[in-house]
Amino acid sequence: MTCSTTSHLKFTAPRTKMAKKRKLDGNADVVKIGNKTISLEGYLSKKLKKEAPASDVKDERIQNPDLPLTETLPTVKSDAEDQQKSSKIPSSKRPAGDPEYLKTRQSLPLWAHQDEIRRLLRKDDVLVLVGETGSGKSTQVPQFLYQEEWCQKKRVRIGSQGRAEEVTVGGIIAITQPRRVAATTLAHRVSREAGTPLTGERGGSDKKGASSRGLVGYSVRFDHRVPPGTRIKFVTEGMLLQELLRDPHLRQYSAIVVDEIHERSVDVDLLSGFLKQIVSGDKAGRGGIPLKVVIMSATANVESIKKFFSGADDKRPQTPATQEAQPGPSVQYLQIEGRQYPVVATHTPKPVADIQETLLKTIFKLHTEEPLHDKYGPNDILAFLTGQEEIEGAQKLIEEYAATLGPKVPKIKVFPLFGQLSMEAQHEAFQPVKGDFTRKIVLATNIAETSVTVPGVRFVVDCGKAKVKQYRPRLGMESLLAKPISKSSAIQRAGRAGREGPGKCFRLYTQETYDDLQKTDLPEILRTDVLGAVLTMKARGIDDVLSFPLMDPPEVESVEKALLHLHLLGALADDGSITETGRKMVMFPVTAPYARVLLAAADPEYDCLLEVIDIISCITAGDDIFMQIQSEEVREEVEAFRKELSRREGDLLTYLTTMQLYVAENTDRAQWCKARRLNVRNMKQALNIRKQLRGLCVKQGMTKQPAPDPQPFSPISPEQADTILKCFLKGFALKTAMLAPDSSYVTAHGKHVVAIHPSSVLHGQKKEAIMFLEHVYTQKNYAKKVSAIQAAWIAEALEQ
DNA sequence: TGTCCCGGT
């Protein structure tokens, strides 16, 4: 047999070398790593190579295969009415936009639809807009609308004759985003397109450009740029919910554009409910001026969303309130093509037994058969896996096998990509790979599905699963397990191969498995503890939370559990109305139990507010400020440093010591973190949260202005430690466990066996009783953020 | 005795 294909040649060359180098029991097609043996035999042979390709598996073209890929420039015909309207605005007041960007804007699929969008919103108040990836909806829609007549600021009289007041309504369009980076980068992009500056903290407190007016602004936590004259404001969903506390009628806005609604965060579900109430209400709170709502989705299954806003879907129990509700508004609908290259998806002919093995084979088959570059750019590979452990295992396998390949085979560089990775390590995965003769392979979790875009990707490998957190209200705990993804998620993953040129997606599951996938993911509100959602509603004036409009209402039992829990925390009175305590709790950007602990800490009985703020700042800053240590050598080295941080009372006091030493360190905090393997990004975030919480507590009169940093470090006494832990029990009385005779921990509430998670400083230790802030089922029932407490404290805490 | 999908106020 002659080796006629180059790819085969490429593989034959390294085999002898690999055999020499790795001494693999005489079988060159076997890779042995740890206790795992993977056979590549057959797969790389010509025989199988003829069978494997797409001929015997079904192909599926994803997203507009017929779309012309050449950029067409539609001629824009503005109608007479439009020209007349815009000519009334003095040209000096009409930002023309930056001509440099005009050509690019005109090439967007959305550009040709701008008159239609304006017309639909003049007619009705709600528009559902489906625009697939690359349509330009997030940047263009607000620019099309802000000069509309209905979008101008107006003075109106509000209230009955006796106590009428004149207020300003409208003038600004808000565009909500699920993530901070999206809100800030979109704002920068639109301000450049508009040719106006994006400067000024809260309308101009910084020196440079403080007085310069701008069209575009943004507002996310810890970062606000709203120049005077802002008409288009990008915000996170959570930020707009927060504004809703102060201004229930959203009076400063003429329109709210809800972007990426298909992601279905709890925040966007709540926001949709409030927006539905505003658009279908009597508008008295806005002086009769309507609020326009544009709902934007990247996926086309919006039937339920349309029904929700038009009121045709009333799933709520029939109560006097729902029966009297007015008929909903009419909802306009528009679908716009995306600008994606076609992606061909292939499925495996048979179910895959070993994901790692099939992943390795798929990647090396691609690597040897496909060119490194083509006219569209690099041909890199992005693989979707479930978690850190799987990614690191796969990386090791790929690197070991790649090292055995001969000099004629292109090199491979593997980049892991998951949330807990440092900023620099994540950044590396986005850079073009160094060296012409190298292919980039990114092994990612779901972070690459929505949160970040890896450039250069033309091949996607999809394992078909993702880890999903699910709350179990009956058990009061959550699970984090790998589950099959939805069809919509599979399509989204495949689409990542078609951003820069025609792509291919290799699904490591069968066509049949794909066909059986759920159409969409379960929205977060059905997978999470609704405690926070219920408190959010109560604080915004919703008395009967069960009749609040939600696209997917949680089970009544879950809501009732949350109401009881809030009552136990003192946020709700016996009649279900919100208490003073509850109103104070929602002011804090932390979950209800933490907010309760903050309030208790200000009580003279405990008097440990600054300490509690330090602890809560560390906990809510990210997954964990302590990074996991891989190798044994590093562990010994780091343990020496970490010893001075850890406290025998457990994780909470360890966090406190860490924060106190961190702020006392005044030479090189980054280096200090590095030596202790602390996540620098999370520590900086913790410091931001600490500053915000301190500010809020001062404002609430809970404490006087704390002394500025750096303060000298003085360790907490055992008595003070007891007080702090008792204070945390005010929020976490139910999350406690006692040591049983068989050395297991049994929870006080529910009598479940829990194990102390290996990330805890108390892992492997036996204490009389423990308190834990998190309860997650993964491999086992794990207790996380654990502290040692006295058994007597549990009864004491439960009595209150 | 051995570990963590992604976001957000």
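Chain A is the first sequence line, chain B the second, and so forth, proteins listed ahead of strands; every chain is numbered from 1. Atoms considered below: every heavy atom in the structure, side chains included; atoms not considered: hydrogens, waters and symmetry mates.
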| message | Tell me the closest heavy-atom pair linking A:Asn682 and A:Asp623, and the distance in Å. | response | ND2-N, 4.1 Å

| said: When you compare the side chain of A:Met585 with that of A:Glu580, does any pair of heavy atoms fall below 4.5 Å? | reply: no

| field | Parallel, tilted or perpendicular: rings of A:Tyr514 and A:Tyr509 (30°, 60°) | value | parallel

| Sugar-phosphate, base or nothing in reach of A:Lys766, heavy atoms under 4.0 Å | nothing

| Is the A:Phe728 ring parallel, tilted or perpendicular to the A:Tyr594 ring (thresholds 30°, 60°)? | perpendicular

| task | Compare side-chain N and O positions of A:Thr236 against OP1 and OP2 of B:dT9 and report whether any pair is under 4.0 Å apart. | result | yes

| query | Between A:Lys780 and B:dT1, is there a side-chain N or O to OP1/OP2 distance below 4.0 Å? | reply | no

| If you check the A:Ser451 side chain, which of B:dG7, B:dT9, B:dC4 turns out closest? | B:dG7

| query | Between A:Leu421 (CG) and B:dG7 (P), how many Å, whole number? | reply | 12 Å

| remark: Looking only at B:dT3, B:dT9, B:dC6, the nucleotide nearest the A:Arg180 side chain is B:dT9

| task | Could you check whether A:Gly764 gets within reach of a base, just the sugar-phosphate, or nothing at all, counting any heavy atom under 4.0 Å? | result | nothing

| B:dC6 C1' sits how many Å from A:Ile391 CD1, rounded? | 12 Å

| said: What's the closest nucleotide to the side chain of A:Glu524 if the choices are B:dT9, B:dG7, B:dC4? | reply: B:dG7

| note | Against the side chain of A:Thr445, the closest entry in B:dC4, B:dC5, B:dG2 is B:dC5

| message | It should be established whether A:Ser759 places a side-chain nitrogen or oxygen under 4.0 Å from OP1 or OP2 of nucleotide B:dC4. | response | no

| query | Is there a side-chain polar atom (N or O) of A:Gln420 under 4.0 Å from OP1 or OP2 of B:dC5? | reply | no

| message | Closest approach to the side chain of A:Arg179, judged atom by atom: which nucleotide of B:dT9, B:dG8, B:dC4 is it? | response | B:dG8

| query | How is A:Val590 classified with respect to the nucleic acid when contacts are heavy atoms under 4.0 Å: base, sugar-phosphate, or nothing? | reply | base

| message | Using a 4.0 Å heavy-atom cut-off, does A:Gln779 contact any base of the nucleic acid, only the sugar-phosphate backbone, or nothing at all? | response | sugar-phosphate

| note | A:Leu443 atom CG is separated from B:dC5 atom P, nearest whole Å, by 14 Å

| task | Measure from the side-chain heavy atoms of A:Pro758 and tell me the nearest of B:dT9, B:dG2, B:dC4. | result | B:dG2

